[in-house]
Every structure is written in structure tokens, then in C-alpha cells.
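Below is one structure; the comments refer to it alone.
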Amino acid sequence: MTTIVEAVNLKKTYMLGKVPVEALRGVNLKIENGDFVAILGPSGSSKSTLLNLIGALDKPTEGKLLIEGVDVSTLNDNQLADLRRRVGFVFQFFNLIPRFTARENVELSMSIVDVGKAERRKQAESLLEIVGLKERMNHKPTELSGGEQQRVAIARALANNPRFLLMDEPTGNIDSKAASDIMGLVNRLNEEKGVTIIMVTHDQRLASSAKRTVHMFDGLIINEKVNH
């Protein structure tokens, strides 16, 4: 198996005024190609901080973060931007553009990587069919349920064939039935399409659907377990 993400003694310190706050205090983690890892922990355990570092949205204070063997701290701004385009992000809040249809929201993410208009449309329609929204692709976000909007967000995250998918509390803003449907979709993407998934959650039930659960507390990984 190829290692896609490796954190080595990863530390992140923020300044709160003149007071340093240690968010990550020495995290070691390996994620392989095709893995599905849930990062579980209570609020304040710095799960999202770790996810932001993995997605190159922030830089570590100390330690190393390797993405496909490349030390992220050695990349310049253009290289970091290119790396971010190869990562799919799904957040708790869907961040869809209200005036665009579901298809247009998915297409938009491809426009920044110079995909032709006809190909963008074809790819967007294919992805929306995969996430079960073939009949809803011309609806705007206000015409979709929360679960459907999150499916659009997942399709958008997959649009540029990312090396891995980062999900931050992906079911935190939808009801339990929609959450179950979303997790079923996420598992199918992992098992059938081989998409590598790293998901942050505070919900033990969601974490148990992943292949591996990493438990965080106070900026440290306190244990890991294989679920299935």
C-alpha cells in the first residue's frame, strides 16, 4: 500500500495575544491509499486543526507533514495551491453558491483547472448521478434538502479526481436519516471507487463506519483501532 499522508511529530502552536496555545502536541499518523480513517474526539481536541494541516490550509509549527512523500513545509505558494486542488474538501456547512444549480456548483470547481465546458458538464452530471442526484441536478440549493446539498458538496469535492477526500463533521448539519444516507454513500465511494477518506467527527457511530478510528484528546492521538 502507498502512504498518501504521513504526520511525523506534528505540532501546531497558535498565539492568543502573547500567550502560546498548543493545538497539536506531537501527532504521528500514517494514512494509506484506499484507507478510510475517522478522527474522533471531543470539541477542543484539535481534530480540525489536524485536518487543516493535511489539506495544506495551514502549516505546522514543528514536525513534518508528508503528502505523497513530499514535505509540505518545503512547498511555495503556487505548489501549495496545486496541492490543495488535488484534495477534496467536504465541510459541515455545504458552502454551495445559492444562485447556481447543483450541476453548476459542481462544474465551478472544475473551471479553475482548465477543464473544457463540455467536459465539465459531462463530469458534473456523472458525479451527481453517482451521489444519487440525477433527477435533481438542475435544482438550486434552496430547492434541495440538507442531505441533498451535502451530496452536491461531495460531488463537487470529487470533481477534480482528488488524491483523497477530507470531511469535517460532514453530517453535523443534517438530520439522522440524511446522515445515514450520506455515510452509506461515503462507504460506497471508499469501497467501490477506492477513494481515500479522512473524516473528522465527534460521533462514535459515524466513526465506527470507517475502516480505522483515530482517537484524539488535547492535541494528541491517544489510541487507534481497526474497525473492520
Side-chain angles (χ1 to χ4, degrees), residues 2-7 29 31-39 47-58 65-68 70 72 75 79-97 100 102-115 119-120 122-133 137 141 147-174 179 181-201 206 209-212:
T2 304
T3 299
I4 289 190
V5 176
E6 183 173 6
L29 179 66
I31 294 170
E32 312 290 343
N33 186 42
D35 211 346
F36 179 7
V37 177
I39 301 173
K47 308 182 300 296
S48 294
T49 298
L50 178 57
L51 205 70
N52 287 341
L53 292 178
I54 294 172
L57 298 176
D58 202 354
L65 178 68
L66 306 173
I67 305 293
E68 297 181 309
V70 177
V72 172
L75 302 180
Q79 291 169 322
L80 282 170
D82 182 58
L83 173 60
R84 289 184 202 110
R85 283 194 286 268
R86 292 186 284 121
V87 179
F89 294 93
V90 179
F91 301 102
Q92 178 176 348
F93 300 99
F94 321 122
N95 299 325
L96 302 177
I97 296 175
F100 285 3
R103 178 175 52 77
E104 290 167 338
N105 267 283
V106 177
E107 282 187 47
L108 185 64
S109 62
M110 288 180 271
S111 63
I112 61 173
V113 290
D114 297 326
V115 177
E119 181 59 29
R120 287 202 305 265
K122 180 181 176 183
Q123 175 80 338
E125 290 178 353
S126 174
L127 286 167
L128 286 166
E129 185 169 359
I130 286 170
V131 301
L133 290 179
M137 63 179 64
E148 287 171 335
Q149 289 183 63
Q150 192 63 295
R151 285 170 179 265
V152 176
I154 292 170
R156 179 184 58 190
L158 294 169
N160 293 317
N161 298 311
R163 295 297 293 120
F164 51 91
L165 197 61
L166 299 181
M167 311 186 82
D168 194 353
E169 302 284 4
T171 63
N173 211 30
I174 55 181
D181 291 345
I182 290 294
M183 291 315 301
L185 168 63
V186 169
N187 275 286
R188 287 195 301 277
L189 289 171
N190 176 249
E191 292 166 8
E192 297 172 14
K193 305 289 185 183
V195 178
T196 304
I197 297 168
I198 307 165
M199 177 181 71
V200 157
T201 183
L206 295 185
S209 69
K211 291 177 179 173
R212 244 190 331 143

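We use all heavy atoms of the structure for the numbers below, so side chains are in, but hydrogens, waters and symmetry mates are not. Predicted model, so just to flag it, every value in this text is computed and none were measured.
Side-chain contact check for Glu104 versus Ile97: every heavy-atom pair is 4.5 Å or farther apart. Side-chain contact between Leu80 and Val72 is present, with heavy atoms from C-beta onward closer than 4.5 Å. Asp181 is listed as a side-chain neighbour of Arg151, based on a closest heavy-atom distance under 4.5 Å. Side-chain contact between Asp82 and Gln79 is absent, with no heavy-atom pair separated by less than 4.5 Å. In this structure, Met199 and Leu206 have side chains that are in contact, with non-hydrogen atoms separated by less than 4.5 Å. In this structure, Lys211 and Val37 have side chains that are not in contact, with every pair of non-hydrogen atoms separated by 4.5 Å or more. With contacts defined as side-chain heavy-atom distances shorter than 4.5 Å, the pair Asp35/Phe164 does not qualify. Using a 4.5 Å cut-off on side-chain heavy atoms (C-beta onward), Val152 and Phe94 make no contact.
How far CZ of Arg103 is from CG of Leu128: 9.0 Å, rounded to the nearest 0.5 Å. Rounding to the nearest 0.5 angstrom, the gap separating the CG atom in Leu51 from the CG atom in Asp58 is 12.0 Å. If you take CG on Leu83 and CG on Leu75, they are separated by 6.5 Å, rounding to the nearest 0.5 Å. The structure places CD of Glu68 at 9.0 Å from OG1 of Thr2, a figure rounded to the nearest 0.5 Å. We find the NZ-CD1 distance between Lys47 and Ile198 to be 15.0 Å, quoted to the nearest 0.5 Å. For the atom pair CZ (Arg85) and CG (Asn161), the distance works out to 14.5 Å, reported to the nearest 0.5 Å.
Scanning for side-chain hydrogen bond (donor to acceptor under 3.5 Å, both in side chains) contacts around Ser126 gives an empty result, with sequence neighbours left out.
A donor-acceptor contact shorter than 3.5 Å is absent between the side chain of Glu148 and the backbone of Leu133. In this structure, the side chain of Asn190 engages the main chain of Gly34 through a donor-acceptor pair within 3.5 Å.
Between Pro141 and Asn105 the shortest heavy-atom distance is CG-ND2, 4.1 Å. Taking all atoms of both residues into account, the shortest heavy-atom contact from Ala159 to Met110 is CB-CG, 3.7 Å. Minimum heavy-atom separation, Glu32 to Thr196: O-CG2, 3.6 Å. For Ile67 against Ile54, the heavy-atom pair with the smallest separation is CD1-O, 3.7 Å. When all heavy atoms are compared, the tightest approach of Val200 to Ser48 is CG1-OG, 4.2 Å. In terms of heavy atoms, Ile197 sits closest to Met167 at CG2-SD, 3.8 Å.
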Hey, mind stepping through Leu158 and Leu189 against side chain to side chain contact (heavy atoms under 4.5 Å, CB included) and telling me if it holds? CA-CA 10 Å; Leu158 294 169; Leu189 289 171; 3.8 Å; yes
Take Thr201 and Glu169, measure what side chain to side chain contact (heavy atoms under 4.5 Å, CB included) needs, and give me the verdict at the end. CA-CA 5 Å; Thr201 183; Glu169 302 284 4; 3.7 Å; yes
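Under the side chain to side chain contact (heavy atoms under 4.5 Å, CB included) test applied with Arg156, the options Asn95, Val131, Leu127 reduce to a single match, Asn95.
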